[in-house]
Amino acid sequence: MLDGKRILLIIGGGIAAYKSLELARLIRRRNGEVRAILTKAGQEFVTPLSVGGLTHDKVYTDLFDLTAEADMGHIQLSRDADLLVVSPATADLMAKIAQGRADDMASTALLATDKPVLIAPAMNVRMWEHPATQRNLAQLIADGVSVVGPREGSMACGEFGPGRLAEPEDILAAIEQQLGGSGVLAGRRAIVTAGPTHEPIDPVRYIANRSSGKQGYAIAQALAQLGAETHLVSGPTSLADPRGVRVTRVETAREMLAATQACLPADVAVCAAAVADWRADTSTNSKLKKDGTGAVPPLALIENPDILATLSSAGPDRPRLVIGFAAETDDVVAHATAKRQRKGCDWIVANDVSPGTGIMGGDSNTVHLISASGTENWAPMPKAQVATQLAARVADALGAMS
Ligand code: C5P
């Protein structure tokens with residue numbers, strides 16, 4: 001139930017705008033209060049009259065509506081809300097929020113707020129997959145915005161793929177999680193490892209991998225949003241620190257292990273880092289040089305410490321829930337199930353990182369959650385949503401343990 005929680009619903013201009021009428025109705029049925037801003041483009045798809053009929057309130061449409069500004073300025077609108085929900089979040093609205101533009105009532109309210117923001121994107125599949133939209137999405141996630149959907153399916157434009165607005169029931173569930181759920185991890189401590197590690201060969205060369213860190217950062221963000229005191233130990237990435245998360249940046253696996261152990265005790269550890277399995281046995285302080293003879297220097301490797309296995313067997317310091325990741329290219333579930341046993345962790349989040357999947361470095365993920373009770377196959381979804389769902393499961397599991 002939403003029990004008097006106040007939602008500011010921003011309706012963008014997309015064919016899916018009509019679904020926001022149903023969303024407004026569902027919010028009120030759950031005892032939430034909903035007030036709506038309808039963008040100019042949104043008015044092409046639904047009318048202020050129909051939106052107002054469902055919100056039982058005035059509908060705000062124009063920044064320069066002086067009556068509105070007199071009795072309810074845009075600042076007050078966002079101040080009065082517990083959560084801002086953008087549905088449908090069009091490519092244009094996402095770009096505006098990501099850039100901090102404020103040229104109408106919707107974008108101004110979004111910029112003027114310090115309240116949590118949830119967006120439900122909906123657009124043509126190629127607009128969604130365009131690098132510009134994906135860049136904006138990554139920026140929004142880094143800024144602490146939560147995302148629900150889009151779903152995959154056939155679209156009004158006749159194409160098939162991700163871009164359909166999440167169903168109103170799913171958006172409502174995300175709202176309830178964001179509001180009712182916020183604080184469910186209050187008082188809990190979480191550690192997340194993310195990104196690759198760099199293992200030096202000499203002062204200019206290193207061994208690395210293609211991990212972007214996006215999934216781990218999104219998980220840290222999602223745990224923090226649920227109230228956990230979250231510490232992210234990150235290898236080298238180009239990502240901004242997630243909001244409300246303490247970040248320690250490291251380079252090597254050994255540094256990552258030490259930084260992670262320094263964060264104990266913790267209730268949950270999520271090891272999402274792609275830690276280099278091996279490092280150069282004899283890293284040197286002088287740059288290796290070609291000697292002109294064509295001779296190739298030997299590169300002997302030795303094994304790095306396994307952070308996940310170390311945390312899983314940390315005795316009294318062991319976090320109650322230890323979660324590992326498995327990036328596999330074949331027999332994903334079988335290999336990941338074996339890995340869970342071998343490493344001694346509680347859950348494994350497994351994904352297929354074969355070159356064709358675009359998962360490594362991309363913004364979407366298709367995962368399997370493997371635990372003692374079996375395997376769940378999750379539908380393909382943005383990494384931010386994998387993170388939100390995983391954080392909700394962590395909250396459930398820790399709640400059930402106490
Ligand atoms: O053995 P593999 O690298 O496939 O295992 C992946 C899981 O183990 C991930 O959760 C990763 O973060 C963790 N890991 C680790 N330390 C290592 C190697 C992997 O924590 N040295």
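Hydrogens, waters and symmetry mates play no part in the numbers below; they use all other heavy atoms, side chains included.
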Measure from the side-chain N and O atoms of Asp306 to the backbone N and O of Ala309, and report whether any donor-acceptor pair falls under 3.5 Å. yes
Side-chain touch Met105/Tyr60, heavy atoms, less than 4.5 angstrom: yes
When every non-hydrogen atom of Pro236 is compared with those of Thr197, the smallest separation belongs to CD-CA, 4.3 Å
For Asp170 and Ala166, indicate whether the former's side chain and the latter's backbone hold a donor-acceptor pair under 3.5 Å. no
Strictly below 4.0 Å, N to O, side chains only: are Lys96 and Asp103 in salt-bridge contact? yes
For residues Lys383 and Tyr217, determine if any side-chain heavy atom of one lies less than 4.5 Å from a side-chain heavy atom of the other. no
Counting only N and O atoms by type, is there a donor-acceptor contact under 3.5 Å from the side chain of Arg340 to the main-chain atoms of Ile323? no
Grab the two heavy atoms, one from His368 and one from Asn377, that are nearest each other, plus how far apart they are. ND1-OD1, 2.6 Å
Nearest heavy-atom pair of Ile370 and Ala350: which atoms, and what distance? CD1-CB, 4.1 Å
Side chains of Leu8 and Val85 in contact at under 4.5 Å (non-hydrogen atoms): no
Say whether Asn351 and Glu328, considering side chains only, have a donor N or O and an acceptor N or O under 3.5 Å apart. no
Over 12 foreign heavy atoms within 6.0 Å of CD1, Ile15: no
Any salt bridge linking Asp346 with Arg318? Criterion: basic side-chain nitrogen under 4.0 Å from a carboxylate oxygen. yes
Start with the C-alpha distance between Thr248 and His231, add both sets of side-chain angles, then the distance that settles side chain to side chain donor-acceptor pair (under 3.5 Å), and finish with yes or no. CA-CA 8 Å; Thr248 304; His231 200 136; 2.7 Å; yes
Ser20 side-chain N/O to Leu23 backbone N/O, donor-acceptor pair under 3.5 Å: no
Would you call Ile348 and Phe325 a side-chain contact if the rule is heavy atoms closer than 4.5 Å? no
Verdict with reasoning, Asp241 to Arg246, per salt bridge (charged side-chain N to carboxylate O under 4.0 Å, His left out): CA-CA 8 Å; Asp241 291 358; Arg246 242 174 86 205; over 6 Å; no
Should Asp82 and Lys5 count as an ion pair when the cut-off is N to O under 4.0 Å? no
Could you point out which residue of Ile191, Thr193, Leu223 forms a side-chain contact (heavy atoms from CB on, under 4.5 Å) with Val270? Leu223
Please assess Met127 against His130 for the test side-chain contact (heavy atoms from CB on, under 4.5 Å), listing each intermediate value before the final yes or no. CA-CA 5 Å; Met127 289 170 82; His130 194 285; 5.6 Å; no
After noting the C-alpha distance and the side-chain angles of Asp267 and Arg320, does the key distance pass the salt bridge (charged side-chain N to carboxylate O under 4.0 Å, His left out) rule? CA-CA 5 Å; Asp267 298 283; Arg320 280 192 289 171; 3.4 Å; yes
Can you tell me how far apart CD1 (Ile119) and OG1 (Thr90) are? Round to the nearest 0.5 Å. 9.5 Å
What one should report as the nearest heavy-atom pair of Leu140 and Met94 is CD1-O, 3.9 Å
After noting the C-alpha distance and the side-chain angles of Glu167 and Lys19, does the key distance pass the salt bridge (charged side-chain N to carboxylate O under 4.0 Å, His left out) rule? CA-CA 8 Å; Glu167 290 306 319; Lys19 287 193 189 173; 3.3 Å; yes
Short question: side chain of Asp57, backbone of Arg35 - any donor-acceptor pair under 3.5 Å? no
Heavy atoms of Val184 and Ala395 approach each other most closely as CG2-CB, 3.8 Å
Salt bridge (charged side-chain N to carboxylate O under 4.0 Å, His left out) assessment of Lys40 paired with Asp104: CA-CA 9 Å; Lys40 193 158 181 285; Asp104 62 3; over 6 Å; no
Using the rule given for side-chain contact (heavy atoms from CB on, under 4.5 Å), can you reason through Leu9 versus Ile37, listing the C-alpha separation, both sets of side-chain angles and the distance that settles it, and then say yes or no? CA-CA 6 Å; Leu9 176 63; Ile37 294 179; over 6 Å; no
Chi angles and distances behind the side chain to side chain donor-acceptor pair (under 3.5 Å) call for Ser146, Gln225: CA-CA 9 Å; Ser146 302; Gln225 270 171 356; 3.1 Å; yes
Output, in order, the C-alpha distance, side-chain angles, deciding distance and verdict of side-chain contact (heavy atoms from CB on, under 4.5 Å) for Trp347 and Leu321. CA-CA 8 Å; Trp347 300 351; Leu321 190 58; 3.9 Å; yes
Does Glu129 pair with Arg126 as a salt bridge, N-O distance under 4.0 Å? no
So how far is it from Leu26 CG to Leu21 CG, rounded to the nearest 0.5 Å? 11.0 Å
Could you check whether Glu33 pairs with Arg6 (Lys NZ or Arg NE/NH1/NH2 to Asp/Glu carboxylate O, under 4.0 Å)? no
If we check side-chain contact (heavy atoms from CB on, under 4.5 Å) with Thr260, which of these qualifies: Thr310, Val233, Leu308? Val233
Run the side-chain contact (heavy atoms from CB on, under 4.5 Å) check on Arg28 and Leu54 step by step: do they pass? CA-CA 8 Å; Arg28 281 182 54 85; Leu54 286 157; 5.9 Å; no
Any chance you could measure Arg101, atom CZ, to Leu110, atom CG, to the nearest 0.5 Å? 13.0 Å
Examine distances only and state if a side-chain atom of Thr230 and a backbone atom of Ala228 form a donor-acceptor pair shorter than 3.5 Å. yes
Thr388 side chain to Ala384 main-chain N or O, any donor-acceptor pair under 3.5 Å? yes
Just so I know, are the side chains of Ile141 and Val145 near enough to count as touching, which here means a heavy-atom distance under 4.5 Å? no
Is there a donor-acceptor pair under 3.5 Å between the side chain of Glu255 and the backbone N or O of Glu251? yes
Close side-chain approach of Pro200 and Thr252, heavy atoms under 4.5 Å: yes
Exam field: side chain Gln134 to backbone Trp128, donor-acceptor pair closer than 3.5 Å: yes
Would you call Arg30 and Asp3 a salt bridge, using N to O less than 4.0 angstrom? no
Taking CD in Gln99 as the centre, count heavy atoms belonging to other residues, nucleotides or ligands within less than 6.0 Å. Is the count above 12? yes
Minimum side-chain heavy-atom gap Val117-Leu83 below 4.5 Å: no
Mind checking whether Ile11 and Thr39 have side chains closer than 4.5 Å, heavy atoms only? no
Measure the spacing between CG of Leu299 and CD1 of Ile207 and express it to the nearest 0.5 Å. 5.5 Å
For the student: nearest non-hydrogen atoms of Val147 and Leu118, plus distance: N-CD1, 4.1 Å
Count the heavy atoms of every other residue, nucleotide or ligand shown that sit under 6.0 Å from CD1 of Ile302, and state whether that count exceeds 12. yes
In Å and rounded to the nearest 0.5 Å, what is the OG1 to CH2 distance from Thr366 to Trp378? 12.0 Å
May I ask you to decide whether Arg393 forms a salt bridge with Glu376, counting only side-chain N to carboxylate O separations under 4.0 Å? yes
Answer yes or no: is there a donor N or O on one side and an acceptor on the other, between the side chain of Asn304 and the main chain of Ala276, under 3.5 Å? yes
